[in-house]
Amino acid sequence: MSVPNGSPTELQEYRDGVRSWLKANAPASMPSAAELIPAAKAFQAALFDAGYAGITWPKDVGGQGLSAAYQQVYSDEAAAYELPTYPFIIGMGMCGPTVNDLGTGEQRTSYLPRLLRGEDIWCQLFSEPGAGSDVASLQTRAVLDGDAWVVNGQKVWTTNAQWADFGALLARTDPDRPKHSGLTMFILDMHAPGVTVRPLKDMSGRAPFNEVYFDDVRIPVDAVIGQVNAGWNAAVTMLGHERVSIGATRKPKTNPMEFASLVELARRHGVTGDPAQRERLAELYAHERVLELFNVRMRQETMAGNPPGARGSVAKLAGALLLRRAIDTAGQIAGSDTIAWEPGDARGAELALGINSAPASSIAGGTNEVQHNIIGERILGLPKEPQVDRDIPFRELKVGTQRG
Amino acid sequence: MQLVLDPEQQELRSAVRKFLTDQSPSARVRSAMESDDGYDRELWRRMATELGLLGLAVPERYDGAGAGHVERAIVQEELGRSLAPSPFLGSAVLATDTLLALDDEAARAELLPRMVAGELIAAVAVAEGGGAWDRTGGATTASRSGDAWTLDGTKTAVVAGDVADVLLVLASTSDGPGWFRVDPSASGVTRTTLTTLDPTRRLAKVAFAKAPATALASADAAAVLDLVADLGAVALAAEQLGGLQRALEMAVDYAKVRVQFGRPVGSYQAVKHGLADVYSDWEQGLSALRHASWAADHARDELPLAAALVAAYVGPAYFRAGTLCVQYHGGIGYTWEHDAHLYYKRAKSTELLFGSPARNRARLADRLGV
Ligand SMILES: Cc1cc2nc3c(=O)[nH]c(=O)nc-3n(C[C@H](O)[C@H](O)[C@H](O)COP(=O)(O)OP(=O)(O)OC[C@H]3O[C@@H](n4cnc5c(N)ncnc54)[C@H](O)[C@@H]3O)c2cc1C
């Protein structure tokens, strides 16, 4: 199927359209926590109606069937706003694309249009207390019982589960096989009986992620994504989408850890005349801008028929390191104003939130260490880490911090 | 903005890579760097005549190929990979860009076709102490008596200055900076070939004592310098990224085969992660290079920022790559026989060639309005 690439004139027209639509429809301020979900769902529905949801997704699932060039135009324009799209990131960036790649025709047409219209929020149910980087060591069990799989176990650090309607669940369906070959991916209805979501506070004091418990949860057999016991393949597909989606997400221009904001901070503190601060800011700009250009280049390569593959790890890793650099720069500029502020001063709180978010970027979606391994092994072809458990039946393994 | 190469540009890359792999392997690089001229004359001739590489960014009316800076950056990347010593940066980049930016049609028509043909080497003499380019012409002065000019002063770190047939010099006059053409064999010109950290590229000091000079026409001599500096920074970054990529490949290849404690050293994370960082630098730096060379051809208003960016980012990245290339080869990497040190030295010398990293960052800050 050929995808319209967009001539410069077409793209310019498209940009004009996006710009005026966003101007008219972007919410003036971020909704309060209590209103976030209804506001997000309403905004996503409006995006869909305007033709800006699923810009690169196929038309048969409600997408626009346009090239990445159009997506880029949209993302560029949207970066000027703070939009309430956060609850949809996992659905749009990871679960949706995976269902599109591996799902049955029925799964594609029943879940994907709903996602694009903002009706459902999704989460990713991979990590467990004993299985993070080594996802394939997970212990949540799914056992076939007539026309349903029965699931028992626990997930952790599940972002957005508190709001989610569906989850992409990875569970063990055959413990007699080696760990990678006994997994299956399911579409889980988060409202099904036996699913319990408990908020988990992160180090910022907020609770954007959760623990999720499964107690005899029944999942119909037609909710398997891909093949039974081929869940690892599905997981790899999703993790690939995840890295690209995290790495390529453009931060809104209002992000306090972005170059432009930190220049403002330097102006407020009157330190722009200090050569060392100027150099630091220049260096921050350089790292921010090269990453942005790398993301543009990856998109252009995708359009030219050469998708980035494991190179998404470069963007993921560089993004995490950039944030560390930015918080260092902020501290050098603002000194103790970064760590203590007047009660209610939003600027102080923003800087602290930046500092408290840096560890999340370096861990979530695959740690920096794991991204380094991926670049080293999959791109540079260096010898793999020794895998002592690769061929042993899962039942016999010691997993995480406990016995399996 | 176009950050990926089109099929013709990819073709050019393969052709230049094949040519340099065949014609300038390590042994040839080493014999060229130890030769009297410090470069491979035969290679230079063939680059000009067989491949037509010296005039890629030169309009056809001066016998150039009329291609652009993206193409020239490809050649620079490949030269950086192979380390082939040549006057390319001095003559086909800096001097060519200067002539194209000046308003002196007579000088262009006389010099450029011969430079493109590889018959004449030109060099630009602007840097004084520390390598920084002073827009005022620095302490080098030009005095006029009637129509005749003479120069006094000293320029240093002149790229290709040792072998140049023509020097293009920025000097200060009573009316501000001006560009001059000097014959290096004229009386009053003393050239010293400097001893360099990087044996694969020679640099010269040129002293002028009442040296006869010809004024070159230009409406804004300082603006010419700025443009030449930006285009030069892009070309240098291309060379650095080519070298970075080669240093990375060498280290990766070695890390796959060198076994210690029963495992290839590349399976240890300290090594693997260091190499992954170098790769990540390369991917990002290359994106900035593609943007800057595209801007040189298609969006000149974006060039100053793009050039400052790529210069600030790539110099230190290449030196890290050069450092790790030696490091991960262990003792063998510290030997003269191994090529790792040539990349290490080229990396440090290009990081500092046009001034210090701090200066590059300050220049970027200027252009960001910080
Ligand atoms: C904010 C946030 C949101 C998250 N959201 C979700 C979500 O929505 N859904 C979900 O399923 N999961 C989610 N996660 C979980 C996340 O994917 C895991 O935390 C992550 O993969 C790391 O696993 P771990 O925490 O078990 O650390 P571990 O794997 O135990 O790692 C501990 C340390 O060992 C290092 N390490 C581990 N293996 C290697 C190796 N092979 N080589 C070198 N070093 C290694 C790690 O890099 C780390 O430094 C989230 C996490 C965070 C922080």
Side-chain angles (χ1 to χ4, degrees), chain A residues 72 259-260 262-263 266-267 271-273 275-304 306 308 311 313-318 321-322 368-386, chain B residues 1-6 248-249 251-253 255-257 259 262-269 271-292 305-306 308-314 316-317 357-370:
Chain A
Q72 189 179 325
F259 167 74
L262 291 171
V263 170
R267 292 222 166 91
V271 298
T272 45
Q277 302 286 10
R278 294 179 75 233
E279 273 192 44
R280 219 170 253 132
L281 284 166
E283 226 173 348
L284 177 71
Y285 168 85
H287 283 83
E288 187 175 300
R289 181 73 177 140
V290 293
L291 173 55
E292 193 177 304
L293 288 167
F294 175 60
N295 283 322
V296 173
R297 193 170 127 242
M298 279 202 297
R299 285 199 286 271
Q300 291 185 354
E301 288 182 10
T302 306
M303 280 187 269
N306 180 20
R311 289 157 75 217
S313 285
V314 171
K316 166 74 177 72
L317 175 63
L321 297 178
L322 178 63
N368 290 359
E369 290 73 23
V370 165
Q371 306 304 336
H372 272 112
N373 285 346
I374 292 172
I375 295 168
E377 293 171 11
R378 303 240 287 271
I379 300 177
L380 300 179
L382 291 166
K384 288 181 78 79
E385 295 292 297
Chain B
M1 100 179 69
Q2 180 64 31
L3 305 187
V4 294
L5 300 181
D6 67 28
L248 173 63
E249 281 171 12
V252 165
D253 289 349
K256 286 178 187 173
V257 297
V259 172
R263 285 163 60 179
V265 295
S267 73
Y268 292 105
Q269 288 193 346
V271 175
K272 183 180 291 177
H273 291 190
L275 292 169
D277 282 332
V278 173
Y279 176 80
S280 176
D281 286 352
W282 176 71
E283 282 282 13
Q284 294 181 86
L286 191 65
S287 311
L289 169 68
R290 294 274 183 268
H291 176 246
L305 185 53
L309 167 69
V310 77
Y313 185 82
V314 172
R359 180 192 154 276
N360 282 335
R361 288 191 289 266
R363 188 175 165 88
L364 178 56
D366 288 344
R367 293 187 174 176
L368 288 164
V370 173

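Chain identifiers are assigned alphabetically (A, B, ...) following the order of the sequence lines, protein sequences preceding nucleic acid strands; residue numbering begins at 1 within each chain.
A distance of 7.0 Å separates OG of S267(B) from CD of E385(A), quoted to the nearest 0.5 Å. Within the model, atoms CG of L3(B) and CE of M298(A) stand 12.0 Å from one another, a figure rounded to the nearest 0.5 Å. Within the model, atoms OH of Y313(B) and CG of L293(A) stand 11.0 Å from one another, a figure rounded to the nearest 0.5 Å. Going from atom OH of Y279(B) over to atom CD1 of I379(A) covers 4.0 Å, rounded to the nearest 0.5 Å. Taken from CZ in R278(A) to CZ in R363(B), the straight-line distance is 12.5 Å, to the nearest 0.5 Å. Taking CG from L368(B) and OG1 from T272(A), the interatomic distance works out to 12.5 Å, rounded to the nearest 0.5 Å.
Put simply, of P275(A), G381(A), A318(A), A304(A), the one with the most heavy-atom pairs under 4.5 Å next to chain B is G381(A). For the options L380(A), L281(A), V263(A), heavy-atom pairs under 4.5 Å to chain B are most numerous at L380(A). Between chain B and the residues Q277(A), K384(A), E369(A), the most heavy-atom pairs under 4.5 angstrom are made by E369(A). With respect to chain A, the highest number of heavy-atom pairs below 4.5 Å among D366(B), V310(B), V271(B) belongs to D366(B). The greatest number of non-hydrogen atom pairs below 4.5 Å with chain A, out of A362(B), S287(B), P264(B), A255(B), is found for S287(B). Among L317(A), N373(A), I374(A), the residue making the largest number of heavy-atom pairs under 4.5 Å with chain B is N373(A). The candidate with the highest count of non-hydrogen atom pairs below 4.5 Å against chain A, out of G369(B), G285(B), A358(B), P357(B), is A358(B).
With sequence neighbours excluded, the residues that form a side chain to side chain contact (heavy atoms under 4.5 Å, CB included) with V4(B) are R297(A), Q300(A), E301(A), Q2(B). For E283(A), the side chain to side chain contact (heavy atoms under 4.5 Å, CB included) partners two or more places apart in sequence, or in a different chain, are H287(A), R325(A), R361(B).
Interface remark: D277(B) contributes backbone and side-chain atoms alike to the contact with chain A (heavy atom separation under 4.5 Å). Contact annotation for H273(B): both backbone and side-chain heavy atoms come within less than 4.5 Å of a heavy atom of chain A. Only the side chain of L305(B) comes within contact range of chain A, judged by heavy atoms closer than 4.5 Å.
A side-chain donor-acceptor contact under 3.5 Å links K272(B) to the backbone of P383(A).
A365(B) approaches A282(A) most closely through the heavy-atom pair N-CB, 3.9 Å. Annotation for V370(B) and R267(A): closest pair CA-NH2, 4.5 Å, computed over non-hydrogen atoms. Shortest non-hydrogen contact noted between R289(A) and L309(B) is CG-CD2, 3.4 Å.
The side-chain heavy atoms of D281(B) and V290(A), taken from C-beta on, include no pair separated by under 4.5 Å.
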